[in-house]
Amino acid sequence: MATTPPTRSPELRKDPVTNRWVIFSPARAKRPSDFKSKSPENPNNNSSSCPFCIGNEHQCAPEIFRVPPDPNWKLRVIENLYPALSRKLDHPNGQNDDSSSELSGLGWVVAGFGFHDVVIETPVHSVQLSDLDPSEIGDVLIAYKRRIEQIKQFDTIKYIQVFKNHGASAGASMSHSHSQMLSLPIVPPSVSTRLNSMKEHFNQTGKCSLCQVQSKDLLINETSHFFSIAPYASSFPFEIWIIPRDHSSHFDELDNKKAVDLGGLLKLILKKMALQLNNPPFNFMIHTSPIQVTDSELPYSHWFLQIIPQLTGVGGFELGSGCYINPVFPDDAAKILRELNVPI
């Protein structure tokens, strides 16, 4: 008679990168291998009215650049038609500086100048990012880098967030494969917290926290220049980080060779996630350094790409405490994904 494996005891872990406490409580859920998305993403294949499809460029906001620069493009970077920030605000000498921030009786106010861009990853509506080959995904990554380098010319911009929402429940309003870039006149609190936490670890150990995380139990897959893990204190079940092997503070230090290498690993991880978790909606975010990071911060600031499949909701406890409850231990998630074979 088969016996049920013992349930692991609850455990609290603190992430040395995000400085967040996570409660691991496997008794609250089914077996890790049984986790599946309850609302798998099924992209709408109706491209006739999609402004992101090739031939419908006239329906989009202004284009910033395309690759290649001809009618048969493979990717386009455009302005967001409904931007969160305005690129058209007037500032002295064309720039916005810290003098534009004001302290009112209710709090600080900063003019809403910034850039909100969309990266259309493919001209074909039915093609997803994971369907592209590694070099094509590399082209998307290099497009992020190219746009970051353009935006860095504006002194007012302090931080650039690259992110992708896949699926309506993950925040995507368009089913055509795309990602976004939001360039901010501030450094977000979560970024400051991350840097301070990494600094604390560096001061205690003399080492970068992300250069130290290459645990075999947490490893999923690796390449020449990158490795993927289920982080030690994952806030969400089957959360995945892809980390550069070599210490690198800024995402835009990525070169073409490493972009293709990262493209291959990202493709593999997205394929594994789709197969194991029933094609879940997901978010990915690139966590990089602020544009104006100081030389003293470089030794402990290490960029990485975070992928979060949407498998559980966020409730009042998480919103109120800032702590998360994760029903899947990261070593269990890593083992399942590591041992999963997918055709590429």
Side-chain angles (χ1 to χ4, degrees), residues 43-44 47-97 100 110-125 127-129 132 136-168 170-188 191 250-252 254 259 283-288 290-291:
N44 178 8
S47 61
S48 60
S49 60
C50 173
F52 289 176
C53 287
I54 193 165
N56 294 343
E57 294 85 353
H58 61 284
Q59 299 180 30
C60 292
E63 179 179 295
I64 299 168
F65 64 82
R66 63 174 64 186
V67 179
D70 60 50
N72 293 317
W73 53 272
K74 292 185 176 180
L75 68 87
R76 292 204 309 143
V77 179
I78 64 172
E79 297 179 13
N80 193 309
L81 192 60
Y82 305 102
L85 296 170
S86 173
R87 68 189 73 215
K88 297 179 181 179
L89 294 182
D90 294 327
H91 300 283
N93 302 319
Q95 296 289 342
N96 180 17
D97 55 32
S100 65
V110 178
F113 174 76
F115 300 92
H116 192 173
D117 305 322
V118 176
V119 179
I120 304 173
E121 300 158 350
T122 168
V124 182
H125 194 88
V127 174
Q128 297 300 313
L129 183 66
L132 303 178
E136 291 172 326
I137 298 176
D139 289 339
V140 173
L141 299 169
I142 291 299
Y144 299 157
K145 170 184 176 175
R146 178 177 169 185
R147 183 58 180 148
I148 289 171
E149 290 174 340
Q150 292 175 346
I151 294 171
K152 283 170 69 174
Q153 306 306 313
F154 290 82
D155 293 339
T156 182
I157 299 300
K158 310 300 183 187
Y159 190 78
I160 302 174
Q161 182 65 65
V162 179
F163 63 98
K164 178 178 176 66
N165 302 330
H166 174 79
S173 58
M174 302 284 290
S175 60
H176 191 121
S177 190
H178 69 285
S179 39
Q180 299 181 62
M181 304 178 67
L182 192 52
S183 304
L184 303 164
I186 61 165
V187 176
V191 176
H250 293 279
F251 169 79
D252 56 300
L254 188 74
N283 305 96
F284 82 51
M285 295 72 65
I286 294 176
H287 299 286
T288 186
I291 292 173

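What you see is a predicted model; the values in this text were computed from it and never measured.
Considering NE2 of His125 and CE of Met174, their distance stands at 7.5 Å, rounded to 0.5 Å. For the atom pair CG of Leu182 and CD1 of Ile157, the computed distance is 9.0 Å after rounding to the nearest 0.5 Å. Atoms CG and CG, on Asp139 and Leu75 in that order, are 6.5 Å from each other to the nearest 0.5 Å. Separating the OH atom in Tyr159 from the OG1 atom in Thr288 is a distance of 6.0 Å, to the nearest 0.5 Å. Rounding to the nearest 0.5 Å gives a distance of 6.0 Å between OG1 of Thr156 and CZ of Phe113. Atom CD of Gln150 is separated from atom CZ of Phe65 by 5.5 Å, given to the nearest 0.5 angstrom.
In terms of heavy-atom proximity, Ser49 sits nearest to Asn56 at C-ND2, 4.5 Å. Listed here is the closest heavy atom pair of Asn80 and Ala61: C-CB, 4.2 Å. Considering every non-hydrogen atom in both Trp73 and Phe52, the closest pair reads CH2-O, 3.5 Å. Annotation for Cys50 and Gln59: closest pair C-OE1, 4.5 Å, computed over non-hydrogen atoms. Nearest heavy-atom pair across Arg66 and Arg146 is O-NH1, 4.5 Å. The two residues Ile160 and Met181 have their closest heavy-atom pair at CG2-CE, 4.1 Å.
You'll find the side chain of Pro185 reaches within 4.5 Å of the side chain of Leu85, heavy atoms only.
Glu79 pairs by the salt bridge (Lys or Arg N to Asp or Glu O under 4.0 Å) definition with Arg87, not counting sequence neighbours. Considering only residues two or more places apart in sequence or on other chains, His116 meets the ring pair (Phe, Tyr, Trp, His ring centres under 6.0 Å) condition with none of them. Contacts of Asn72 classified as side chain to side chain contact (heavy atoms under 4.5 Å, CB included), with partners at least two apart in sequence or in another chain: Asp70.
Between the side chain of Gln161 and the backbone N or O of Ser183, no donor-acceptor pair lies under 3.5 Å. Panel note: side chain Glu57, backbone Gly55; a donor-acceptor pair is recorded below 3.5 Å.
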For this session: Could you walk me through whether Ile148 and Lys152 pass the side chain to side chain contact (heavy atoms under 4.5 Å, CB included) test, one step at a time?
Result: CA-CA 6 Å; Ile148 289 171; Lys152 283 170 69 174; 3.7 Å; yes

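In this structure, Lys74 places its NZ atom where only 12 or fewer heavy-atom neighbours from other residues, nucleotides or ligands lie under 6.0 Å away.
Of the candidates Leu132, Val124, Leu129, Leu129 is the only one forming a side chain to side chain contact (heavy atoms under 4.5 Å, CB included) with Ser177. Exactly one of Gln128, Arg76, Lys164 qualifies for a side chain to side chain donor-acceptor pair (under 3.5 Å) with Glu121. That residue is Lys164.
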